[in-house]
A.B. asks: 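The structure follows.
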Amino acid sequence: MAGAKAAAVILAAGKGTRMKSALPKVMHAIAGQPMIGHVLASLAPLGASPIVVVVAPGMNDVAAAVAPHATAVQEQQHGTAHAVMAAREALGNGADDLLILYGDTPLIATATLQRLLERRRAADKPAVVVLGMRPTDGAEYGRLVVDGGGRLEAIVEHREATAEQRAIGLCNSGVMAVDGRQIWELLAAVSNKNTKGEYYLTDVVALARRQGLACAAIEAPAEELLGINSRAELAAAEAAMQVRLRAQAMAEGATLIDPSTVWFSHDTRLGRDVVVGPNVVFGPGVNVADDVEIRAFCHLDGARVEKGAVIGPFARLRPGSVIGAGAHIGNFVETKNARIAAGAKANHLSYLGDATVGERANIGAGTITCNYDGFGKYETVIGPGAFIGSNSALCAPVTIGAGAFVAAGSVITRNVAPDALAIARGEQVEKPGWAAIFRQLKEKMKKARS
Ligand code: UD1
Ligand code: MG
């Protein structure tokens with residue numbers, strides 16, 4: 001229907017008892033983003049308005065996570081039908097179509113929601129369109145009862161189902177598109193006379209049919225409609241999301257040498273011809289430009305890596321790291337809030353925190369920027385072309401001038417001028433012949449004892 005208006009409600013007020021967690025269920029993360037964020041992201045391209053998230057009292061973190069979308073508070077959790085009713089005022093009354101989603105079903109694709117709306121807008125205008133699936137194990141999902149003519153008759157909750165109904169392969173994903181005006185009358189008729197004593201949203205199907213309204217079901221792949229009620233299901237959803245993100249990275253031109261060992265965040269961006277070795281983990285906020293090589297066993301978080309840089313193996317890039325074009329960050333090097341300019345190298349065993357490293361500077365093995373004194377954090381600036389000898393401690397705040405040289409083993413506490421050599425270590429003392437005399441003495445003592 002041209003010009004039809006859709007609104008959406010996402011149910012997220014459930015206690016999530018089966019998670020056994022202090023955190024609201026929908027705040028548990030998948031690929032580094034709370035479940036509820038995934039649902040909102042899938043919904044976004046459809047332009048539904050308003051989008052109202054139903055929460056329980058005190059779920060302030062959920063309200064903050066979904067802002068600027070509205071939240072409606074369901075004072076007590078009396079079931080999914082009761083939850084939709086809690087959103088009535090916030091939804092207003094203008095929508096032709098109302099999409100109902102569950103905050104614990106985060107893998108749903110935009111295209112599936114689009115199909116659901118299209119079915120709702122088809123000529124027979126079903127009052128309720130339910131999204132069904134056929135999981136290999138129907139587990140505790142509600143079952144869709146379809147009549148001989150292929151029309152949806154009812155949804156039976158697993159707890160209420162007969163053995164015959166439990167044998168139905170077509171299950172309820174929970175997601176629906178309903179008539180945005182008729183739904184309120186249907187919801188008002190739902191009763192709580194069932195084993196849980198709850199108002200089941202699923203009952204609206206049978207109620208609509210009783211009023212002579214059409215109801216329909218469409219199907220989508222079960223992997224997309226996994227409902228998360230336990231930690232084990234959370235892990236299954238994470239695995240499914242990772243499969244999707246790996247496929248997407250490869251489709252966009254990255255090589256993953258062993259895809260199943262690479263872990264992405266929902267927002268990881270990889271350029272073309274990026275090569276990612278085995279066992280690499282991307283935390284949130286990582287942006288990698290073209291031609292970068294990320295070798296095995298790296299962990300990146302909130303970092304930007306520019307064209308042609310080489311990272312790892314075994315490197316750790318923490319938030320605020322910007323690694324310039326062609327730079328090298330090697331084995332057991334950790335960076336945090338550090339800008340490493342083009343062509344600079346820190347190849348072994350270093351910590352670079354709150355630091356700026358100029359172009360083509362060379363950071364020797366074991367260099368540490370001492371950025372913290374137990375109270376504050378301080379900056380280290382290393383100029384372009386500087387050479388920091390191995391095992392140096394740079395006590396911030398400190399600046400090493402362009403082209404300067406820091407001798408190995410130095411503890412640098414004052415600024416070093418450009419092109420100077422700074423040596424800050426005990427001076428070498430040499431005692432000629434001392435070792436030979438020492439050995440002779442020890443041998444003599446050994447003989448005297450035997
Ligand atoms: C629900 C469906 C079931 C379906 C399954 C799919 C009902 C009665 N059952 O069961 O048919 O197969 O989802 O995953 O709808 N919620 C509230 N307020 C409440 C109760 C729940 O907001 O009072 C929210 C929850 O936060 C959750 C969603 O509604 O996001 C579903 O609730 P949940 O308890 O997980 O229902 P299921 O038992 O999974
Ligand atoms: Mg559920």
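In each ligand, atom 1 is the first atom listed, and ligand 1 is the first ligand listed. Keep in mind that this is a model prediction, so the values were computed, not measured.
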A.B. asks: With respect to atom 6 (C) of ligand 1, which of Ser173, Gly227, Gly138 exhibits the smallest heavy-atom separation?
C.D. replies: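 Among Ser173, Gly227, Gly138, the closest heavy atom to atom 6 (C) of ligand 1 comes from Ser173.
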
A.B. asks: Close to the Mg ion (ligand 2), meaning under 2.8 Å, how many protein N, O or S atoms are there?
C.D. replies: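 For the Mg ion (ligand 2), protein nitrogen, oxygen or sulfur atoms under 2.8 Å: 2.
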
A.B. asks: Taking Arg18 for its side chain and Arg231 for its backbone only, find out whether a donor-acceptor pair lies under 3.5 Å.
C.D. replies: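 No, because the side chain of Arg18 does not come within donor-acceptor range (under 3.5 Å) of the backbone of Arg231.
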
A.B. asks: Measure the spacing between CG of Asp258 and CZ of Arg246 and express it to the nearest 0.5 Å.
C.D. replies: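 CZ of Arg246 is found 9.0 Å from CG of Asp258.
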
A.B. asks: Determine whether Ile10 and Leu40 make a side-chain contact, defined as any pair of heavy atoms from C-beta on separated by less than 4.5 Å.
C.D. replies: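 When only atoms from C-beta onward are counted, Leu40 and Ile10 do touch, with a gap below 4.5 Å.
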
A.B. asks: Number the atoms of ligand 1 from 1 as they appear, then name those within less than 4.0 Å of a heavy atom of Gly142, with their elements.
C.D. replies: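 So the answer, numbered in order with elements, is 3 (C), 4 (C), 11 (O), 12 (O).
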
A.B. asks: Could you check whether the rings of Phe297 and Phe314 sit parallel, tilted or perpendicular, using 30° and 60° as the cut-offs?
C.D. replies: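 Rings of Phe297 and Phe314: parallel, under 30°.
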
A.B. asks: Hey, which of Arg181, Arg119, Arg121 is the one that makes salt bridge (charged side-chain N to carboxylate O under 4.0 Å, His left out) with Asp97?
C.D. replies: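 Per the salt bridge (charged side-chain N to carboxylate O under 4.0 Å, His left out) rule, the option paired with Asp97 is Arg121, out of Arg181, Arg119, Arg121.
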
A.B. asks: Tell me, with the steps shown, if Ser265 and Gln33 meet side-chain hydrogen bond (donor to acceptor under 3.5 Å, both in side chains).
C.D. replies: CA-CA 8 Å; Ser265 263; Gln33 168 167 258; over 6 Å; no

A.B. asks: With a heavy-atom distance limit of 4.0 Å, tell me whether Asn229 approaches ligand 1 through its side chain, its backbone, both, or neither.
C.D. replies: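 Contact part for Asn229 vs ligand 1: side chain (C-beta onward).
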
A.B. asks: Select the closest option to atom 16 (N) of ligand 1 among Ala139, Gly14, Ala72, judged by heavy-atom distance.
C.D. replies: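 Looking at heavy atoms only, the winner is Gly14.
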
A.B. asks: With only distance considered, is Ile155 within less than 3.5 Å of ligand 1 through an N or O on each side?
C.D. replies: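 No.
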
A.B. asks: Between Ala56, Gly79, Ala13, which one has a non-hydrogen atom sitting closest to atom 19 (C) of ligand 1?
C.D. replies: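 Nearest option to atom 19 (C) of ligand 1, by heavy atoms: Gly79.
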
A.B. asks: Going by atom types only, do Glu160 and Tyr200 share a side-chain donor-acceptor pair under 3.5 Å?
C.D. replies: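 The criterion, which ignores hydrogens and geometry beyond distance, is satisfied for Tyr200 and Glu160.
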
A.B. asks: Could you tell me whether atom 36 (O) of ligand 1 has a protein heavy atom closer than 4.0 Å?
C.D. replies: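 Answer no: nothing from the protein, no heavy atom, is under 4.0 Å.
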
A.B. asks: I need the contact type for Glu198 against ligand 1. Using non-hydrogen atoms and a strict under-4.0 Å cut-off, is it side chain, backbone, both or neither?
C.D. replies: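 No part of Glu198 comes within reach of ligand 1.
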
A.B. asks: Would you check the N or O atoms of Thr80, main chain and side chain alike, for any that come under 3.5 Å of an N or O of ligand 1?
C.D. replies: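 Between Thr80 and ligand 1 (N or O atoms, distance only) the closest approach is under 3.5 Å.
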
A.B. asks: Does Arg166 offer a backbone N or O that forms a donor-acceptor pair with the side chain of Arg143 under 3.5 Å?
C.D. replies: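 Yes, Arg143 side chain to Arg166 backbone: donor-acceptor pair under 3.5 Å.
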
A.B. asks: Which pairs would a plain distance check flag for residues 327-339, meaning a side-chain donor or acceptor within less than 3.5 Å of a matching protein atom at least two apart in sequence or in another chain?
C.D. replies:
from	atom 1	to	atom 2	distance (Å)
Asn331	ND2	Asn347	O	3.3
Glu334	OE2	Arg318	NH1	2.6
Thr335	OG1	Ser321	OG	2.7
Lys336	NZ	Asp354	OD1	3.3
Lys336	NZ	Asp354	OD2	3.0
Asn337	OD1	Arg339	NH1	3.3
Asn337	ND2	Asp354	OD1	2.7
Arg339	NE	Thr356	OG1	3.3
Arg339	NH2	Ala355	O	3.1
Arg339	NH2	Thr356	OG1	3.1

A.B. asks: Between Ser21 (side chain only) and Leu23 (backbone N and O only), is there a donor and an acceptor less than 3.5 Å apart?
C.D. replies: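 Yes; at least one donor-acceptor contact below 3.5 Å.
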
A.B. asks: Looking only at N/O atoms, are Tyr141 and ligand 1 under 3.5 Å apart anywhere?
C.D. replies: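 Between Tyr141 and ligand 1 (N or O atoms, distance only) the closest approach is not under 3.5 Å.
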
A.B. asks: Could you go step by step and tell me if His82 and Gln74 meet the side-chain hydrogen bond (donor to acceptor under 3.5 Å, both in side chains) rule?
C.D. replies: CA-CA 8 Å; His82 183 255; Gln74 183 192 17; 2.7 Å; yes

